[in-house]
Amino acid sequence: MADIQDHYRVVIIGSGPAGLTAALYAARANFAPLVIEGVQPGGQLTITTDVENYPGFPEGIMGPDMMDKFREQAERFGTSYITDEVSSVDLNERPFTIKVGKRSIKADALIIATGATAKLLGLESEKLLMGHGVSACATCDGWFFRGKEIAVMGGGDSACEEANYLTKFATKVTLIHRRGELRASKIMQHRVESNPKVEFLWHHTIEDFVGAPETGLEAVRVKNVQTGEVYDLKVAGVFMAIGHKPNTELFMGVLDTDETGYLITEPGSTRTKIPGVFACGDVQDHIYRQAVTAAGSGCMAAIDVERFLGEAE
Ligand code: NAP
């Protein structure tokens with residue numbers, strides 16, 4: 001691996017499909033970019049198992065394996081990597097300054113691809129069974145639960161959307177919500193309430209996930225928050241839909257975000273309000289949130305950077 005320098009033409013923060021596709025394109029445009037990949041490289045795909053909806057892999061591919069390939073491909077054309085977290089960024093003047101550990105790195109252009117993180121309950125058993133019955137992505141993993149009974153946790157638009165979507169595969173979807181009414185928009189509520197395959201478990205939370213990685217999830221231990229009763233609900237899968245959090249802490253007060261915290265980019269481009277700073281992938285997309293759309297916007301960011309640096313010189 002190349003030695004890390006003090007100054008790069010292009011620095012990319014984040015190493016999911018968006019960041020690594022941006023790196024691939026920036027590398028092939030001869031910018032020898034630096035990717036600061038965080039301490040858990042690869043992004044959200046590393047918490048899923050088989051990826052069957054990324055074009056070009058007819059047999060499917062494991063999420064972590066796919067991200068290794070993305071990384072290798074970007075490296076082949078001259079991308080360097082730092083496996084560490086960015087502690088702060090100074091976007092007041094160009095070149096921008098990025099602090100990573102003890103290093104201070106300058107960048108003529110910055111691509112933000114820090115992604116979003118699915119909110120989870122934080123239980124040990126949840127971590128253990130992630131990818132083995134516990135999932136945070138219905139479009140990624142719904143297919144594995146064909147003909148099975150599953151549950152969705154949450155009461156917002158995501159939970160309703162996922163519950164509806166999952167009825168394409170599952171025989172029954174139990175929507176577990178901690179209150180007695182949904183937070184979701186009326187139209188989503190109506191859709192899910194009129195779906196005969198969806199049942200509601202109101203006023204319940206999940207206390208534990210029962211199963212083992214080798215055999216998969218067997219049940220969720222639920223608690224009725226009104227009566228205190230705890231019991232096991234037998235399901236083969238559970239989808240956590242208690243919200244996503246865009247990873248924008250580094251840019252708070254510096255870049256504009258929408259009311260849910262996602263970075264705002266100019267429509268049809270990856271430009272943020274600061275010239276030379278671009279954003280791609282889930283950190284600026286709360287609608288599609290797919291590996292392939294993230295990769296597409298990573299490509300856009302690298303092309304936007306190339307144009308910007310061409311014009312700035
Ligand atoms: P959200 O609206 O924040 O809903 C999160 C849900 O999870 C809430 O019902 C909340 O319960 C529950 N929850 C949160 N923390 C929990 C915990 N620790 N334990 C148990 N339950 C918990 O998140 P979202 O559904 O992902 O939506 C995010 C944004 O994207 C929203 O603005 C939404 O409108 C938008 N979105 C839109 C669409 C669409 O229009 N098609 C689809 C998806 C998302 P409480 O209700 O009790 O707080």
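Indexing begins at 1, ligand by ligand and atom by atom, following the structure's order. Remember, predicted model here, so these are calculated numbers, not experimental data.
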Peer 1: Determine whether the side chain, the backbone, both or neither of Ile287 has a heavy atom under 4.0 Å from any heavy atom of ligand 1.
Peer 2: neither
Peer 1: Is Arg146 close enough and on-axis enough to Phe169, meaning under 6.0 Å and within 45°, for cation-pi?
Peer 2: no
Peer 1: Do me a favour and list the nearest non-hydrogen protein atom to atom 34 (O) of ligand 1 with residue, atom name and distance?
Peer 2: Asp157 OD2, 2.6 Å
Peer 1: Taking heavy atoms and a distance under 4.0 Å, where does Leu182 meet ligand 1: side chain, backbone, both or neither?
Peer 2: neither
Peer 1: Considering only the protein, which heavy-atom contact is closest to atom 30 (O) of ligand 1, and what is its distance?
Peer 2: His286 CD2, 4.3 Å
Peer 1: side-chain hydrogen bond (donor to acceptor under 3.5 Å, both in side chains) for Glu199 and Thr174? Distances and angles first, verdict last.
Peer 2: CA-CA 5 Å; Glu199 268 183 26; Thr174 303; 4.9 Å; no
Peer 1: Specify the protein heavy atom at minimum distance from atom 41 (N) of ligand 1: its residue, its atom name, and the distance to 0.1 Å.
Peer 2: Glu161 OE2, 2.8 Å
Peer 1: Heavy atom to atom 44 (C) of ligand 1, shortest distance: which of Ser158, Gly180, Gly156 holds it?
Peer 2: Ser158
Peer 1: In terms of residue, atom name and distance, what is the protein heavy atom nearest to atom 47 (O) of ligand 1?
Peer 2: Arg179 NE, 2.7 Å
Peer 1: Which one of Asp232, Leu129, Val220 satisfies the side-chain contact (heavy atoms from CB on, under 4.5 Å) criterion with Val210?
Peer 2: Asp232
Peer 1: How close does the nearest protein non-hydrogen atom get to atom 23 (O) of ligand 1, and which residue and atom is it?
Peer 2: Gly243 CA, 3.6 Å
Peer 1: Select one of side chain, backbone, both or neither to describe which atoms of Lys119 lie under 4.0 Å from any atom of ligand 1, heavy atoms only.
Peer 2: neither
Peer 1: Under 4.0 Å between a Lys/Arg side-chain N and an Asp/Glu carboxylate O for Arg191 and Glu161?
Peer 2: no
Peer 1: Would you mind checking which non-hydrogen protein atom is closest to atom 7 (O) of ligand 1, with the distance to 0.1 Å?
Peer 2: Ile242 CA, 3.3 Å
Peer 1: Taking the basic N atoms (NZ, or NE/NH1/NH2) and the acidic carboxylate oxygens, is any pair closer than 4.0 Å for Arg9 and Asp108?
Peer 2: yes
Peer 1: Got a second to check how far Asp157's CG is from Leu182's CG, nearest 0.5 Å?
Peer 2: 9.5 Å
Peer 1: Give a yes/no verdict on whether any heavy atom in Thr260 is under 4.0 Å from an atom of ligand 1.
Peer 2: yes
Peer 1: Does Arg28, at its CZ atom, have more than 12 non-hydrogen atoms belonging to other residues, nucleotides or ligands within less than 6.0 Å?
Peer 2: no
Peer 1: Answer yes or no: does atom OH of Tyr231 have more than 12 heavy-atom neighbours from other residues, nucleotides or ligands under 6.0 Å?
Peer 2: yes
Peer 1: Could you work out, for atom 22 (C) of ligand 1, the closest of Met240, Arg178, Glu162, Glu181 by heavy-atom distance?
Peer 2: Arg178
Peer 1: Quick one: does atom 14 (C) of ligand 1 have a protein heavy atom under 4.0 Å from it?
Peer 2: yes
Peer 1: Hydrophobic clustering (ILVMFWY, side-chain heavy atoms < 4.5 Å, transitive) - are Leu217 and Leu201 grouped together?
Peer 2: yes
Peer 1: Suppose we measure from atom 9 (O) of ligand 1 to each protein heavy atom; which comes out shortest, and what is that distance?
Peer 2: Gly155 N, 3.0 Å
Peer 1: Just go through Glu259, Arg183, Arg289 and tell me whose heavy atom is the nearest to atom 2 (O) of ligand 1.
Peer 2: Arg183
Peer 1: For atom 20 (C) of ligand 1, what's the nearest protein heavy-atom neighbour? Residue, atom name and distance, please.
Peer 2: Met153 CE, 3.2 Å
Peer 1: So that I know where these two stand, are Phe77 and Tyr25 an aromatic pair - ring centroids less than 6.0 Å apart?
Peer 2: no
Peer 1: Can you confirm whether Trp202 is buried at CH2, in the sense that more than 12 heavy atoms of other residues, nucleotides or ligands lie under 6.0 Å from that atom?
Peer 2: yes
Peer 1: Only heavy atoms of Leu121, strictly under 4.0 Å: list the atoms of ligand 1 that pass.
Peer 2: 18 (N), 19 (N)
